[in-house]
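Protein chains get the first letters and strands the later ones, always in sequence-line order, with residue 1 at the start of each. Only this structure's heavy atoms are used, side chains among them; waters, hydrogens and symmetry mates stay out.
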Number of protein chains: 2
Amino acid sequence: MAVLDERRPLYEIKANLFKGLAHPYRIRVLEILSAADEASVAEMLTATGLEASHLSQHLAVLRRYGLVVSERRASVVYYRLAHPQISELLRVARVLLGEILADTDSQRDLVAGLPTIPDAR
Amino acid sequence: MAVLDERRPLYEIKANLFKGLAHPYRIRVLEILSAADEASVAEMLTATGLEASHLSQHLAVLRRYGLVVSERRASVVYYRLAHPQISELLRVARVLLGEILADTDSQRDLVAGLPTIPDAR
DNA sequence: TGCTGAATTGATGGAATCATCATATCAGCT
DNA sequence: AGCTGATATGATGATTCCATCAATTCAGCA
């Protein structure tokens with residue numbers, strides 16, 4: 001069964017969800033699937049520029065964590081998000097990350113903008 | 001600088017955020033800090049039951065990823081979330097995870113509740 | 001059947017992460 | 001200064017993850 005198995009302790013389930021998301025290429029793939037609803041491996045190959053087996057490995061991770069599902073039609077395999085809520089999670093993460101980065105930006109700017117006190121250590 | 005550094009490519013930043021969250025004890029710690037606003041290492045020790053150096057290692061990871069900040073008052077070190085939005089992200093993840101698990105539950109129940117077709121393989 | 005394109009799997013080496021233990025730092029007290 | 005409690009750091013082995021390459025499966029077509 002998938003790693004998102006409700007019989008596991010809750011903190012582990014939550015950590016597993018985040019583990020599935022914890023790689024730039026997998027984020028990329030999930031955002032592609034968030035936008036396109038469904039995509040073939042070939043499409044994702046060109047979109048990401050990855051080598052086939054490398055992409056396939058990450059897709060396998062996403063499948064194992066239960067984040068995506070795949071379906072073969074003729075010789076092409078199509079992927080979709082396993083749950084629409086995943087794109088919602090990514091959206092929230094994106095927004096919050098934006099705020100966080102803006103926060104630290106303005107803090108940095110604040111500090112950078114302070115008048116230089118000549119003797120300050 | 002923290003791993004949440006806006007000069008890095010965006011997918012990497014996002015993946016780093018999730019990497020910081022990708023461990024059950026760190027989730028536990030962040031939820032403690034979400035609820036309590038501030039907590040000493042000693043408090044987290046008793047709350048989690050971890051060994052001191054083990055907890056400290058995970059706190060170091062959280063600091064490195066820029067998810068928490070610490071402050072020493074007398075001989076006690078207090079931790080807080082670096083950004084309030086982090087508790088928001090955890091909240092959203094919790095809700096979505098609830099929906100996802102409910103989804104798969106009901107699917108399982110659906111399948112489990114189907115009449116058994118005698119001749120089905 | 002045998003070939004080809006599409007995708008996955010398996011194997012390997014290297015890097016990162018985790019858990020445990022020992023050691024070190026730091027603040028306050030005597 | 002030396003001791004103690006609180007916390008952090010360093011070192012180690014075990015495990016997991018990542019990237020690359022070779023080999024395999026699968027569907028469709030000649």
Side-chain angles (χ1 to χ4, degrees), chain A residues 2-4 8-9 11-30 32-33 38-80, chain B residues 2-4 8-9 11-30 32-33 38-80:
Chain A
V3 184
L4 290 181
R8 291 163 181 269
Y11 294 120
E12 193 184 335
I13 299 180
K14 233 176 275 186
N16 276 335
L17 169 62
F18 292 124
K19 267 189 213 165
L21 299 170
H23 191 286
Y25 293 146
R26 294 202 290 272
I27 298 278
R28 185 86 180 84
V29 165
L30 291 176
I32 290 173
L33 296 180
E38 159 174 299
S40 70
V41 173
E43 287 167 343
M44 293 189 275
L45 271 179
T46 66
T48 61
L50 288 179
E51 192 214 348
S53 70
H54 194 188
L55 174 59
S56 208
Q57 303 256 36
H58 282 296
L59 290 174
V61 173
L62 290 173
R63 260 183 284 125
R64 185 150 49 80
Y65 281 92
L67 296 177
V68 303
V69 293
S70 63
E71 181 196 353
R72 173 164 230 142
R73 295 205 289 276
S75 60
V76 177
V77 177
Y78 295 89
Y79 279 82
R80 268 172 292 113
Chain B
V3 184
L4 290 181
R8 291 162 181 268
Y11 294 119
E12 195 184 335
I13 298 178
K14 233 176 276 185
N16 276 336
L17 170 62
F18 292 125
K19 267 189 213 166
L21 300 170
H23 191 287
Y25 292 145
R26 294 201 289 271
I27 298 278
R28 185 87 180 83
V29 165
L30 291 176
I32 290 172
L33 296 179
E38 159 173 297
S40 70
V41 174
E43 287 166 344
M44 293 190 275
L45 271 179
T46 66
T48 60
L50 288 179
E51 193 214 347
S53 71
H54 194 188
L55 174 59
S56 207
Q57 301 256 36
H58 283 296
L59 290 174
V61 172
L62 290 173
R63 258 184 284 125
R64 186 151 47 81
Y65 281 92
L67 297 177
V68 303
V69 294
S70 64
E71 181 196 352
R72 172 164 231 142
R73 295 206 289 278
S75 61
V76 177
V77 178
Y78 295 89
Y79 279 82
R80 269 172 291 111

Minimum heavy-atom separation for [X] to [Y], with atom names?
X	Y	value
A:Pro24	B:Glu12	CG-CA, 4.0 Å
B:Leu55	B:Val41	CD2-O, 3.9 Å
B:Leu59	B:Val29	CD2-CG1, 3.9 Å
B:Val77	B:Ser70	CG1-CB, 3.9 Å

(request) Determine the sole option in A:Ile32, A:Leu30, A:Val69, A:Leu33 for which the side-chain contact (heavy atoms from CB on, under 4.5 Å) test with A:Tyr79 is passed. (result)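 It is A:Leu33; the other options fail the test.
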
(request) Please name all residues satisfying side chain to side chain donor-acceptor pair (under 3.5 Å) with A:Arg72, sequence neighbours left out, ordered by chain then number. (result)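 Here no residue qualifies.
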
(request) Name all residues meeting the side chain to side chain donor-acceptor pair (under 3.5 Å) criterion together with B:Glu38; count only those two or more places apart in sequence or in a different chain, and write none if there are none. (result)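 Result, side chain to side chain donor-acceptor pair (under 3.5 Å) vs B:Glu38: B:Arg73.
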
(message) Counting only heavy atoms and a strict 4.0 angstrom limit, can you tell me which residues of residues 21-30 of chain B come near DNA chain C?
(response) B:His23, B:Arg26

How close or far is atom [atom2] of [N] from atom [atom1] of [X], stated in whole angstroms?
X	N	atom1	atom2	answer
A:Lys19	D:dC18	NZ	C1'	15 Å
A:Arg64	D:dC17	CZ	P	6 Å
A:Leu55	D:dA19	CG	C1'	13 Å
A:His58	D:dC17	NE2	P	12 Å
A:Leu62	D:dC18	CG	P	10 Å

Sub-3.5 Å pairs of nitrogen or oxygen atoms, protein against nucleotides 8-13 of chain D:
unit_1, atom_1, unit_2, atom_2, d
D:dA8, OP1, B:Tyr79, OH, 2.7
D:dA8, OP2, B:Ser56, OG, 3.0
D:dG10, O6, B:Gln57, NE2, 3.1
D:dA11, N6, B:Gln57, NE2, 3.4

(message) Given 3.5 Å as the limit, does a donor-acceptor pair link the side chain of A:Thr48 with the main chain of A:Met44, or not?
(response) yes

(request) Would you give the length of the straight line joining atom NE2 of B:His23 to atom CG of B:Leu62, rounded to the nearest 0.5 angstrom? (result) 10.5 Å

(request) Can you measure from OG (B:Ser53) to NE2 (B:His58) and round to the nearest 0.5 angstrom? (result) 10.0 Å

(request) At the 4.0 Å heavy-atom cut-off to chain B, mark where contacts on DNA chain C begin and end, going 5' to 3'. (result) C:dT17 to C:dG28

(request) Report the residue (B:Ala42 or A:Ser75) whose heavy-atom-nearest nucleotide on DNA chain D is the more 5′ of the two. (result) B:Ala42

(message) According to side chain to side chain contact (heavy atoms under 4.5 Å, CB included), who are the partners of B:Val61, at least two apart in sequence or on a separate chain?
(response) B:Arg26, B:Arg64, B:Tyr65

